[in-house]
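Predicted model, so just to flag it, every value in this text is computed and none were measured.
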Amino acid sequence: MAASAGKPQVYVSTLYFIEGLPYTMVTQMSLVMFKNLGADNAYIGLVTTYLTIPWAIKLLWAPFIDQVGTRRGWILVSHMVLAVLTGVLSCLMVVPNANVLSIVALTSIAFISATQDVAIDGYYMDVLDKEQQALYVGIRGAAYKLAWLVGSGALVFLAGKIGSSTPLGIRYGWVASFATCALFLAVACFFHNLILPRPLEAHKPQIEKTTFSQKVRNFLDVFISYANQDRAHWIFAYILLFRLGDALMIKMAQPFLLDGRNLGGLGIPTENVGIVYGTVGTLSLLVGGIFGSWLISRFGLKRCLLPAAIFQSSAILLYWALAKFQPGIEMVAVVNAFEQFSYGIGCAAYTIYLMSTVKPEYKASHYAIATGMMAVGLLVPGMVSGFLTRLGYPTFFLISFLASIPGIITILFLPFKEEYKAESQPEGS
């Protein structure tokens, strides 16, 4: 527990908003930015997938963060560095070769953001007891998705609005959007330095207390202990395969909305994509995640995981229908909202299963391994997504649906541990 007390509902909300914002910049806002700067789908798919690699390999340095310094310290330094890097990214939008230079800045942001994720997730378990962790898990998820809402909704809208209604152009729209992100991060550094509690038993540096061979054994034990569980091969297969379908679809959803109808897309202006996909879609995702969590707390993870997966994957076909029939923007908004709602339900179940694979003695590191493996599973589909759109968007979304089936099949062979029950939360939660 903590020696000083900020209110958990405040600092959990702000921490997970700031955890989600850089991820949204790198994985969502950059999709639209590169499209606005004239990149084609193949380039966008390759580059934005490459940018997710730090989240896939963060498990390699997660044990180091567990042993050196305090997680509170890692969080504050990460905030400060991210603010500076995002400010640099904002300035790069108006220089020649902005595409290439922005990749360098976004890569740096991705590495620091992945490090920040490990520190924040570990800090959450440091300062809150088990009852509080259960109580605030909904706030944590909502704050993270609020960052998606702000980034892929409001800030994409801002970039598009400046680009379409002022003489400054779309590049200065992105200057304003990324500068706003930098401001959020700088304020968070100052704010969190004031309110984040200091755990009474904050983990201390252990490196000087152990020999090199002990450090190596401790490091390896993190991975060995995670692999040493019942039907681990099926767990790994599920983590790696389950998101193949939505990894394809999500990577090209916004380029599909932006591409002209002559190219098979829907020709929606950037500011409207910010509303349809970033705002309405993200709100639907948030509602779906909350509803999925409630379903699991009510009926148990084992009963919900397979139906949630089937519901999520079947909704991919709605994008096939959009590509096939190319309706107006109102229908696009409705279909996208429903697809995002189903995605929220499926991802809630998937995330809770990942949490169930973590062992208490290595909470932060094991969760980093699980989410890192998830990110690895997104790499290949993300890389080929842009090339597959050359087959036509209807064929592409049909392939996305078919790619989701192997992950669903693995659920039939998964082990289930303790059920996720509402009763585990404090009364009145």
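- Not a single side-chain hydrogen bond (donor to acceptor under 3.5 Å, both in side chains) links Ser342 to another residue, sequence neighbours left out.
- Listed by first and then second residue, the salt bridge (charged side-chain N to carboxylate O under 4.0 Å, His left out) pairs involving residues 229-253 are Arg243-Asp246 (not counting sequence neighbours).
- Residues satisfying the salt bridge (charged side-chain N to carboxylate O under 4.0 Å, His left out) test with Asp117, not counting sequence neighbours, are none.
- Salt bridge status for Asp259 with Lys35: present, with a side-chain N to carboxylate O gap under 4.0 Å.
- For residues 186-195, every residue pair satisfying the side chain to side chain donor-acceptor pair (under 3.5 Å) rule, not counting sequence neighbours, is listed here: Thr14-His192, His79-His192.
- Applying the side chain to side chain donor-acceptor pair (under 3.5 Å) test to every pair with at least one member in residues 319-328, sequence neighbours left out, gives these pairs: Tyr319-Asn336.
- Scored by the ring pair (Phe, Tyr, Trp, His ring centres under 6.0 Å) test, Tyr23 finds Trp55 as partners (sequence neighbours excluded).
- Listed by chain and residue number, nothing satisfies the ring pair (Phe, Tyr, Trp, His ring centres under 6.0 Å) test with Phe401 (two or more places apart in sequence, or in another chain).
- Every ring pair (Phe, Tyr, Trp, His ring centres under 6.0 Å) that Phe178 has, sequence neighbours left out, goes to Trp174.
- In this structure Phe338 satisfies the ring pair (Phe, Tyr, Trp, His ring centres under 6.0 Å) test together with Phe311, sequence neighbours excluded.
- Without hydrogens or angle criteria, Ser284 side chain to Phe341 main chain gives no donor-acceptor distance under 3.5 Å.
- The side chain to side chain donor-acceptor pair (under 3.5 Å) contacts involving residues 149-160 comprise nothing, where partners must be two or more places apart or lie in separate chains.
- Every residue was checked against the side-chain hydrogen bond (donor to acceptor under 3.5 Å, both in side chains) condition with Ser30, not counting sequence neighbours, and none meets it.
- Listed by first then second residue, pairs satisfying side chain to side chain donor-acceptor pair (under 3.5 Å) with a partner in residues 394-413 read Ser313-Ser404, not counting sequence neighbours.
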